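Structure, as structure tokens:
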Amino acid sequence: MAQQQWLDEQGNIDSSTKRGESAKLLLKIFTSIFRQVNMMWLNRHRHNITTLYKVSCGNHCLYCICGYTEHDFDFILTVIQKLLPVIMSSISLKENGGEVSATKDYTNGGGVRDLYGEDSATEDHLITPWTFSVASGYSLLRDPRYNKGLAFTEGERDAHYLRGLLPPAVLNQELQEKRLMHNLRQYDVPLHRYMAMMDLQERNERLFYRLLIDNVEELLPVVYTPTVGEACQKYGSIFRRPQGLYISLKEKGKILEVLKNWPEKSIQVIVVTDGERILGLGDLGCQGMGIPVGKLSLYTALGGVRPSSCLPITIDVGTNNEKLLNDEFYIGLRQRRATGKEYAELLDEFMRAVKQNYGEKVLIQFEDFANHNAFDLLAKYSSSHLVFNDDIQGTASVVLAGLLASLKLVGGTLADHTFLFLGAGEAGTGIAELIALEISKQTNAPVEETRKKIWLVDSKGLIVSSRLESLQHFKKPWAHEHEPVKGLLDAVKAIKPTVLIGSSGVGKTFTKEVVETMASLNEKPLILALSNPTSQSECTAEEAYTWSKGKAIFASGSPFDPVEYEGKLFVPGQANNAYIFPGFGLGLIISGAIRVRDEMLLAASEALAAQVSEENYDKGLIYPPFSNIRKISAHIAAKVAAKAYDLGLASHLPRPKDLVKYAESCMYSPGYRSYR
């Protein structure tokens, strides 16, 4: 088709031509009209505007020309031709006491005027879900990003048509926070607190994050582990409104279109799960959405990433959980899990669509994929996408930080210790590999040699070279020369580890005999029970301290209360991934990193270990308190960003002089804004 006479080479209106000058004038007139006409009229009669359909103008697809300044001239005429007859035929207007009113009778059977036409419409009658571009009045109170509840000032209530929609009291954000914390503490059931927090997030985003930031130690177990595990198990029953994107096998071939349905376009972080291995709870299918939602809440609260830049996604390929398949309230696909080629093609389409829609620098965090997929996905896409697996890499980084910090309590260097893992899945092997890399870095020894300090036990016993042929590929580097050993207790006696790490996902596996043996072998045994949620922890803090007679240095994946033993108070640490991934993600964002490398994970671990103070050590802690998490995240982000610049993987140039201050300046602040 030949170039329109009123358009230039770029497709914009050329006002130097006569038709172009007319087009500009017409646009000006209609823009002025649409800005001055009471849009409420269009909203009330939107159900009659059935002939105005979606028309493409090349660069935009839209239902209304309001707010646009350059369009195809024929597009404008099409809209005018369709809109004006509908307006003229829909109503006739007359003067009535100085007000313009519709003479058409919109009264329903109950005598109430049906101004919107929705009550009189049949179920088959199509109505248009009309919205405004600027939130005000009732719609403003229903917009979680801008709603401030009773914190709207007197002036804002006048300017935004809120009079009468709110009680007369004006409460500042601090008072709102105090009231909500009082209400939350009235709940005895953790899941009820979780639901109350999710409700708050859906109605007042800034207050939700203010609450979480200021009360992080109290609310972290509510919005994430351990409570999020129960929330995922019951997600179908408590589901109220979607908080992310659901991409199922039904969307195969059109995932890019699905991504475009998400209202935010500038996405920086995506957390995605397929729900096959949720915490230690197994296959929860589509109900695993609670994990990406929870993780991204922490990206904002702890790492300062803007909530509008975060996108939670669940890939639904079915579930093998019979209980869910037979549950009438299950919200996902009712079929067995897709595997093999069908699964791989869906994930590949997803990865390509994400990169096409959001660009090279969007961080994709894989979350709670089963072992057989987690390692393959990370290996496949780490060279072409900015990808990060929190179960493999995040867990490894936070555990390594704890080990580095613990050296001040147990003495020696990392290379002086012997490590024994219960669990050889993605978390266990990921931690083991990062420990081996750090020892290699410190000693200049080959990583193949440093791996020999690390032993793993899986469901079949100690991983040794005689089992090599039957091992999964990610376990093979850990098959060392040794006699076969069946159980954990026998492995502890044979290997004589100084550090015992649990990542099995099976509770109560660090028995009294195991802990007592560790205490008999070491003056200060380091015991890390990392499995989540609390019910799956290898042992409790009380068990570790009591069975070791107060000798153990203990940390866990889920939180435990302080323990008093023989008059001394022991404060257990928490090896929570939330120490690492928010700051790690922020570091990638502020540097514009295009790939993740192991050196960045080591930098994050060292930065976290450096934040443990002497006061923390005096309490036996190997992690700093979460009350300082934003400061900690800024330091982690700075170290990660610095490493990205050093490796030539950063795209935001020039490099800031003070990366810590720069990271802090980039953090989202949840304080209320004033509205004009």
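If you're wondering where the values come from, they're calculated on a predicted model, not measured in any experiment. Start at 1 with the first residue, then count along the sequence.
Residues passing the side chain to side chain donor-acceptor pair (under 3.5 Å) test with Asn147, sequence neighbours excluded: none. Among residues two or more places apart in sequence or in another chain, the salt bridge (charged side-chain N to carboxylate O under 4.0 Å, His left out) test is passed with Lys355 by Glu360. Residues satisfying the ring pair (Phe, Tyr, Trp, His ring centres under 6.0 Å) criterion with Tyr358, sequence neighbours excluded, are absent altogether. Residues that satisfy the side chain to side chain donor-acceptor pair (under 3.5 Å) test with Asn628, not counting sequence neighbours, are absent from this structure. Here Phe366 pairs with Phe369 under the ring pair (Phe, Tyr, Trp, His ring centres under 6.0 Å) rule; sequence neighbours left out. Contacts of Gln611 classified as side chain to side chain donor-acceptor pair (under 3.5 Å), with partners at least two apart in sequence or in another chain: none.
Comment: Glu606 does not engage Lys639 in a salt bridge, judged by the lack of any side-chain N to carboxylate O separation of less than 4.0 angstrom. Comment: Arg210 engages Asp214 in a salt bridge, judged by a side-chain N to carboxylate O separation of less than 4.0 angstrom.
A distance-only check finds no donor-acceptor pair linking the side chain of Glu177 to the backbone of Gln173 [under 3.5 Å].
A cation-pi arrangement is not found for Lys234 relative to Tyr194, the charged atom failing to lie both closer than 6.0 Å to the ring centre and inside a 45° cone about the ring normal.
A side-chain N or O of Tyr224 and one of Lys295 form a donor-acceptor pair less than 3.5 Å apart. Residues Ser605 and Ser397 bring a donor and an acceptor atom of their side chains to less than 3.5 Å of each other. There is a side-chain donor-acceptor pair under 3.5 Å between Gln176 and Tyr672.
For CG of Asp658, the number of neighbouring non-hydrogen atoms (other residues, nucleotides, ligands) closer than 6.0 Å is greater than 12.
Note that OH of Tyr209 is 4.0 Å distant from OG of Ser297, once rounded to the nearest 0.5 Å.
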